[in-house]
Structure formats: structure tokens, C-alpha cells
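We use all heavy atoms of the structure for the numbers below, so side chains are in, but hydrogens, waters and symmetry mates are not. The structure presented is a predicted model; accordingly, all values stated were derived computationally and were not measured.
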Amino acid sequence: FDILEKCPVHKSPGNTIAFFLNKNISANLRWLRYIYFASILRKYCHFENKSPTILDIGSYYGGFQYVTKNIFSNSKHILVDFPHQLARSALFLGESFPNANIYSIHDNNSLNEFFHNESIQDYDFLLLTTDYYHKFSDIYSFSDLDLLTNFYSLGEMTKNDFKKYL
């Protein structure tokens with residue numbers, strides 16, 4: 001309940017469908033899933049790293065990242081999705097966290113710059129297109145990850161999609 005108090009859906013950018021528990025607390029069905037998973041993380045994930053890195057495959061518009069960033073304020077998030085979804089994430093998270101460092105890997109230049117510019121690696125949200133996931137994963141040390149999540153997209157994919165995108 002305290003997460004809902006801290007993160008009511010009606011106060012997040014662009015969310016127009018909300019059911020109110022009282023004048024300050026609201027949710028919708030998708031938002032309740034984010035709240036639930038965030039509460040599970042808070043209860044069971046005792047991150048050793050003070051700035052945990054969470055990679056989410058199929059992040060949609062960034063709602064889960066919004067909630068978890070509000071709980072784990074020093075967390076870093078890698079969002080993997082199609083470019084049009086990451087555009088939504090950039091808008092949503094940029095408006096939600098105006099002081100956040102958001103970086104996008106969407107071409108060879110942005111990929112190379114990420115790995116050769118240490119200041120970029122101090123990101124809050126890293127937006128990674130599915131087209132560059134393979135190249136990123138060839139360089140990135142996944143031992144730096146504290147958590148990998150996926151809520152919908154892997155269940156929607158065919159075997160050919162796995163070969164193509166992952």
C-alpha cells in the first residue's frame with residue numbers, strides 16, 4: 001500500500017485511466033502489476049550493490065522502471081525493446097525524472113560511445129533497441145547485472161523471434 005501511496009498512477013505522465021482508492025491513491029490494472037512486482041523486489045531482493053542494475057526485456061513504456069526507481073532511487077535500468085516502445089519510454093521517464101541521465105543505444109555510434117565514454121555509463125535509464133541487443137551483449141559484462149526481468153514479451157515470442165532478437 002505504501003508503494004501505491006508513493007506512486008499513484010494518476011500522478012505519472014500520460015496515465016488517464018485511473019481508479020481511485022481515495023483522492024491521493026490511484027491505480028489501474030497494469031499499474032497494480034508494477035506495484036505488485038516492485039513490492040516483491042523490495043521484500044525479497046536484498047541488493048548487495050547500492051546502485052543495482054536491472055535489465056528488463058520488453059519494457060513497454062517504462063512503468064515498471066518508474067515504480068522501481070521510486071523505491072530504489074539509486075538503481076540503474078536497462079530497457080530492451082523495439083525502437084517505437086523505447087521512444088515512449090524516453091518521453092515517459094524523461095518527464096517523470098527530469099534530472100535523470102537517459103541514454104539510448106540505437107546505432108553503431110551510440111553503442112561505441114556508450115562503451116568508450118565513462119560519463120555515459122553513469123546512467124539512470126539505458127534504452128537499448130532489440131536491433132543492438134546482440135552487439136551490446138557481446139561487450140557488456142552481464143555479471144554487472146543485479147536483476148533481469150521480463151513480464152510479457154518472451155511469452156509472446158515465437159522460436160524464430162528468439163533467434164532474431166535474442
**Q** Leu21, Ile3: one ILVMFWY side-chain cluster at the under-4.5 Å cut-off?
**A**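 Same hydrophobic cluster.
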**Q** Quick check: does any side chain N or O of Ser73 sit under 3.5 Å from a backbone N or O of Asn70, one acting as donor and the other as acceptor?
**A** no
**Q** Side-chain contact test, heavy atoms from C-beta onward, threshold under 4.5 Å: evaluate it for Tyr103 versus Ser110 and give yes or no.
**A** yes
**Q** Could you tell me if the side chain of Phe142 sits less than 4.5 Å from the side chain of Leu55, heavy atoms only?
**A**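 Side-chain contact under 4.5 Å: yes.
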**Q** With side chains defined as the heavy atoms from C-beta onward, is the minimum distance between Phe1 and Ile25 less than 4.5 Å?
**A** yes
**Q** How long is the gap from CG on Leu86 to OG on Ser104, to the nearest 0.5 Å?
**A**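 OG of Ser104 is found 6.5 Å from CG of Leu86.
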**Q** When rounded to the nearest 0.5 angstrom, what is the spacing between CD in Glu113 and CG in Asp107?
**A** 9.5 Å
**Q** If you take all heavy atoms of Arg42 and His46, which pair is closest and at what distance?
**A** O-CE1, 4.5 Å
**Q** List the atom pairs, with distances to 0.1 Å, where a side-chain N or O of residues 61-68 and a protein N or O form a donor-acceptor pair under 3.5 Å, not counting sequence neighbours.
**A**
residue: Gln65; atom: NE2; partner: Asp56; partner atom: OD2; Å: 3.2
residue: Thr68; atom: OG1; partner: Phe64; partner atom: O; Å: 3.0
residue: Thr68; atom: OG1; partner: Gln65; partner atom: O; Å: 3.3

**Q** Does Ser89 use its side chain to pair, donor to acceptor, with the backbone of Gln85 at less than 3.5 Å?
**A** yes
**Q** How long is the straight-line distance from CG of Leu111 back to CG of Leu128, given to the nearest 0.5 Å?
**A**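 CG of Leu111 is found 8.0 Å from CG of Leu128.
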**Q** With rounding to the nearest 0.5 Å, note down the distance linking CG in Leu147 to CG in Asn49.
**A**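 Reported to 0.5 Å precision, the distance equals 12.0 Å.
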**Q** Please determine whether side-chain contact (heavy atoms from CB on, under 4.5 Å) holds for the pair Ile105 and Thr129, giving the CA-CA distance in whole Å, both sets of side-chain angles, and the decisive distance to 0.1 Å.
**A** CA-CA 6 Å; Ile105 295 178; Thr129 65; 5.8 Å; no
**Q** Could you state the interatomic distance from OH (Tyr133) to CG (Asp81), rounded to the nearest 0.5 Å?
**A** 13.0 Å
**Q** Working to the nearest 0.5 Å, report the span between CZ of Phe114 and CD1 of Ile120.
**A**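 The CD1 atom of Ile120 is 8.0 Å from CZ of Phe114, to the nearest 0.5 Å.
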**Q** Just so I know, are the side chains of Leu79 and Leu93 near enough to count as touching, which here means a heavy-atom distance under 4.5 Å?
**A**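 In contact.
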**Q** Using atom types as modelled and distance alone, determine if a side-chain donor or acceptor of Asn150 lies under 3.5 Å from a backbone N or O of Ile57.
**A** yes
**Q** Report yes if the distance between the aromatic ring centroids of His106 and Tyr132 is under 6.0 Å, otherwise no.
**A** no
**Q** Tell me every residue that passes side chain to side chain donor-acceptor pair (under 3.5 Å) with Asp138, counting only those two or more places apart in sequence or in another chain.
**A** none
**Q** With under 30° as parallel and over 60° as perpendicular, where do the rings of Tyr34 and Trp31 fit, or are they tilted in between?
**A** perpendicular
**Q** Dump the intermediate steps for side chain to side chain donor-acceptor pair (under 3.5 Å) on Ser75 and His77, then the final yes or no.
**A** CA-CA 7 Å; Ser75 59; His77 298 267; 2.8 Å; yes
**Q** Main chain of Phe47, side chain of Asp146: is a donor-acceptor contact present, judged purely on distance under 3.5 Å?
**A** no
**Q** Before giving the answer on side-chain contact (heavy atoms from CB on, under 4.5 Å), spell out for Ile54 and Leu148 the whole-Å C-alpha distance, their side-chain angles and the decisive distance to 0.1 Å.
**A** CA-CA 6 Å; Ile54 302 169; Leu148 172 75; over 6 Å; no
**Q** State which residues pass side chain to side chain donor-acceptor pair (under 3.5 Å) with Ser96; sequence neighbours excluded, sorted by chain then number.
**A** none
**Q** Assert yes or no for the condition that the ring centre distance of Phe115 to Phe136 is strictly below 6.0 Å.
**A** yes
**Q** Please name the pair of heavy atoms, one in Ala27 and one in Leu32, separated by the smallest distance, quoted to 0.1 Å.
**A** CB-CD2, 3.6 Å
**Q** Would you mind reporting whether Glu5 and Asp2 have side-chain heavy atoms less than 4.5 Å apart?
**A**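 Of all side-chain heavy-atom pairs linking Glu5 with Asp2, at least one is under 4.5 Å.
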**Q** For Tyr44, does the OH atom sit with more than 12 other heavy atoms under 6.0 Å from it, leaving out its own atoms?
**A**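 Atom OH in Tyr44 is not packed in, count stays at 12 or less.
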**Q** Who are the side chain to side chain donor-acceptor pair (under 3.5 Å) partners of Asp124, not counting sequence neighbours?
**A**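 Applying side chain to side chain donor-acceptor pair (under 3.5 Å) to Asp124 gives Lys69.
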**Q** Can you confirm whether Leu29 is buried at CG, in the sense that more than 12 heavy atoms of other residues, nucleotides or ligands lie under 6.0 Å from that atom?
**A** no
**Q** Compare all side-chain heavy atoms of Ile102 with those of Leu127 and state whether any distance is below 4.5 angstrom.
**A**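 Ile102 vs Leu127: side chains touch.
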**Q** Under a 3.5 Å distance rule, please check whether Thr53 uses its side chain to pair with a backbone N or O of Lys76 as donor and acceptor.
**A**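 Between the backbone of Lys76 and the side chain of Thr53 there is no qualifying donor-acceptor contact (under 3.5 Å).
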**Q** Would you please name every residue forming a side chain to side chain donor-acceptor pair (under 3.5 Å) with Lys135, sequence neighbours left out?
**A** Asn108
**Q** Mind checking who shares a hydrophobic cluster with Ile17, ILVMFWY linked at side-chain heavy-atom distances under 4.5 Å?
**A** Phe19
